[in-house]
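Taking it in order: structure first as C-alpha cells, then the write-up.
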Protein chains: 2
Amino acid sequence: MHMPAEHGVSSQCRRLSGVLTIVGDKWTVMIVMVLIGQGRRFNELKRLIGGISQQMLTRTLKALERDGMVSRTVHPTVPPQVEYALTDLGRSLAEPLQALGAWANSHVEAIELNRGAYDARADVKLAG
Amino acid sequence: MHMPAEHGVSSQCRRLSGVLTIVGDKWTVMIVMVLIGQGRRFNELKRLIGGISQQMLTRTLKALERDGMVSRTVHPTVPPQVEYALTDLGRSLAEPLQALGAWANSHVEAIELNRGAYDARADVKLAG
DNA sequence: GGTCTAGGTCACAATTCCAGACCGGAGATC
DNA sequence: GATCTCCGGTCTGGAATTGTGACCTAGACC
C-alpha cells in the first residue's frame, strides 16, 4: 500500500484506527487463528488459546460477532452448546492474520534475543 | 523450533502472545506503517499518526526499540533531534502489517455496516 | 439433595490509556 | 540577566480496559 504524503496519512490512519483496534488486538488474532478451518465451542476456544479470561473471550467474541467476522450458533441442548465460526469476512481477515502470526512465530526468538540484550544494556546503565 | 506435542496450540499461542501484544497493537501497526520508506522524528510521527498521545508514542517506540524493530538515533543538537527508523527486523514486519492494514482499509465499510446492523438488532430487542 | 457441566454475567481490583502540565538547556528577545 | 521558545520526553490524575473470582440456569449423575 502506498502512502500519500501530502494529504495526511493522519486521516487515513484515524479511519483505520477503529478497525485496527479490533483486528489488531492480541486476542482477536489468536481467536481468528484458532477458528481457521473449523468452528469451535466456547470452552474449546478457551482451552486452545489458554491464558485468556472467560470475560475477555466473551467480550472479544461479541465484538467479532458485532463486526460480522464471527457467527454464533446456539444449540438448545442442556447444557447449551454455542458454536463460533468465521464468516466470509472473518475468513478474509484470516489471511493477513495468518501472515502476521507466521511472522511472529518465526521471529519470536530474534525478538526475545533483542529484548534480553536491551534489558542487559539498561541494567549496565543503571549499575554504572 | 521447540514444540512439545502435548501442549498443542495452547503453548504455541501463549508463546506468540507476548509477540502479538507488541506487533498486534494498534499503535505499533500505525507507527511501522508510517516508518516504511523513511526515518521520522518524534513530533513528525506524532503529527502523521494523529490521535496518539505523546506518552503512548514514547512508550510504543520504546517497546519497538527494545524488541529491535526500530532504531533510535539522537542528534546532539539543541534542541535535540531524535530519529526513528525501521531495522531489518522492523522492515520484515512491515510486510504482514501492510497486508493487515490493506485488509482493514478495504473492509472498513463492510465492518461499519455490520456493526450498525448488529446495534440496530440489539436496539429492537431492548425495545421489544 | 448436592454436585457437575457449558456458557455465560456481575462486581470489584489491577492495569493501561489519555490529556495536559512540567522539565532541561541553548538561543533569541527584552 | 530574566524570560520565552523549541524538541523530546516524564509525571500526574482521572477515565477506560482488562483480569479475577463468585454466581446463575437447568438437566444429568450419584
Side-chain angles (χ1 to χ4, degrees), chain A residues 10 13-14 16-31 34-35 38-67 70-85 118 122 125-126, chain B residues 10 13-14 16-18 20-31 34-35 39-67 70-85 118 122 125-126:
Chain A
S10 161
C13 273
R14 213 160 328 188
L16 288 181
S17 174
V19 177
L20 286 176
T21 298
I22 301 292
V23 304
D25 176 73
K26 179 174 95 179
W27 296 125
T28 295
V29 175
M30 296 210 270
I31 288 174
V34 168
L35 283 181
Q38 67 217 281
R40 296 286 193 180
R41 289 173 46 194
F42 187 87
N43 279 334
E44 208 173 354
L45 279 171
K46 189 160 177 287
R47 247 194 329 278
L48 286 170
I49 291 173
I52 190 172
S53 70
Q54 205 160 357
Q55 199 177 40
M56 266 320 287
L57 184 53
T58 301
R59 249 182 274 186
T60 309
L61 247 16
K62 201 167 282 179
L64 250 23
E65 190 198 352
R66 184 164 98 107
D67 289 348
V70 156
S71 68
R72 179 175 183 274
T73 314
V74 182
H75 301 285
T77 59
V78 166
Q81 297 192 351
V82 184
E83 183 165 327
Y84 294 92
Y118 183 96
K125 268 186 204 163
L126 287 177
Chain B
S10 164
C13 275
R14 215 164 325 194
L16 289 181
S17 174
L20 286 176
T21 298
I22 301 294
V23 303
D25 175 72
K26 180 175 93 178
W27 297 125
T28 295
V29 175
M30 296 211 267
I31 288 175
V34 169
L35 283 181
R40 297 285 192 181
R41 289 174 45 195
F42 187 87
N43 279 334
E44 210 174 352
L45 278 171
K46 189 160 176 285
R47 231 187 2 268
L48 286 170
I49 291 173
I52 189 171
S53 71
Q54 207 159 352
Q55 197 177 43
M56 265 323 284
L57 185 52
T58 300
R59 235 182 274 179
T60 310
L61 246 16
K62 200 168 282 179
L64 250 23
E65 190 199 351
R66 184 163 100 106
D67 289 350
V70 156
S71 67
R72 181 176 181 273
T73 314
V74 182
H75 302 285
T77 60
V78 167
Q81 297 190 351
V82 184
E83 184 165 327
Y84 293 93
Y118 183 96
K125 266 186 206 165
L126 287 176

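Within every chain, numbering begins at 1; the chains are lettered A, B, ... in the order of the sequence lines, protein sequences first and strands thereafter.
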A:Ile52 CD1 - D:dT18 P separation (whole Å): 10 Å

Phosphate OP1/OP2 of C:dC18: any B:Trp27 side-chain N/O under 4.0 Å: yes

Integer-rounded Å distance: D:dT5 P and B:Asn43 CG: 16 Å

Pair A:Arg40, A:Tyr84: side-chain N/O donor-acceptor within cut-off below 3.5 Å: no

Short side-chain N/O contact from A:Arg72 to OP1 or OP2 of C:dG8, under 4.0 Å: yes

A:Glu65 (side chain) donor-acceptor with A:Lys62 (main chain) under 3.5 angstrom: no

A:Glu44 CD - C:dG8 P separation (whole Å): 13 Å

Sugar-phosphate, base or nothing in reach of B:Gln81, heavy atoms under 4.0 Å: sugar-phosphate

Criterion side chain to side chain contact (heavy atoms under 4.5 Å, CB included) on A:Leu57 and A:Trp27, from CA distance to verdict: CA-CA 8 Å; A:Leu57 184 53; A:Trp27 296 125; over 6 Å; no

Nearest-angstrom distance from the residue atom CE of B:Met56 to C1' of D:dA15: 15 Å

Residue whose closest nucleotide on DNA chain D lies nearer the 5' end, A:Ser53 versus B:Pro79: B:Pro79

Pairwise 5' ranking along DNA chain C for A:Arg59 and B:Gln55, keeping only the more 5' one: A:Arg59

Between D:dT17 (P) and A:Lys62 (NZ): distance, integer Å: 15 Å

Gap between atoms NZ and C1', on A:Lys46 and D:dT20 respectively (whole Å): 11 Å

B:Asp25 side chain to B:Thr28 backbone, donor-acceptor under 3.5 Å: yes

Gap between atoms CG and P, on B:Leu57 and C:dA19 respectively (whole Å): 13 Å

Protein-nucleotide distance (B:Tyr84, atom OH; D:dC7, atom P), rounded to Å: 15 Å

Side chain of A:Val78 - closest among D:dG27, D:dG8, C:dG8: D:dG27

A:Val23 vs A:Val29, side chain to side chain contact (heavy atoms under 4.5 Å, CB included): CA-CA, chis, key distance, verdict: CA-CA 7 Å; A:Val23 304; A:Val29 175; over 6 Å; no

N/O (side chain, A:Arg41) to phosphate O (OP1/OP2, C:dA6) under 4.0 Å: no

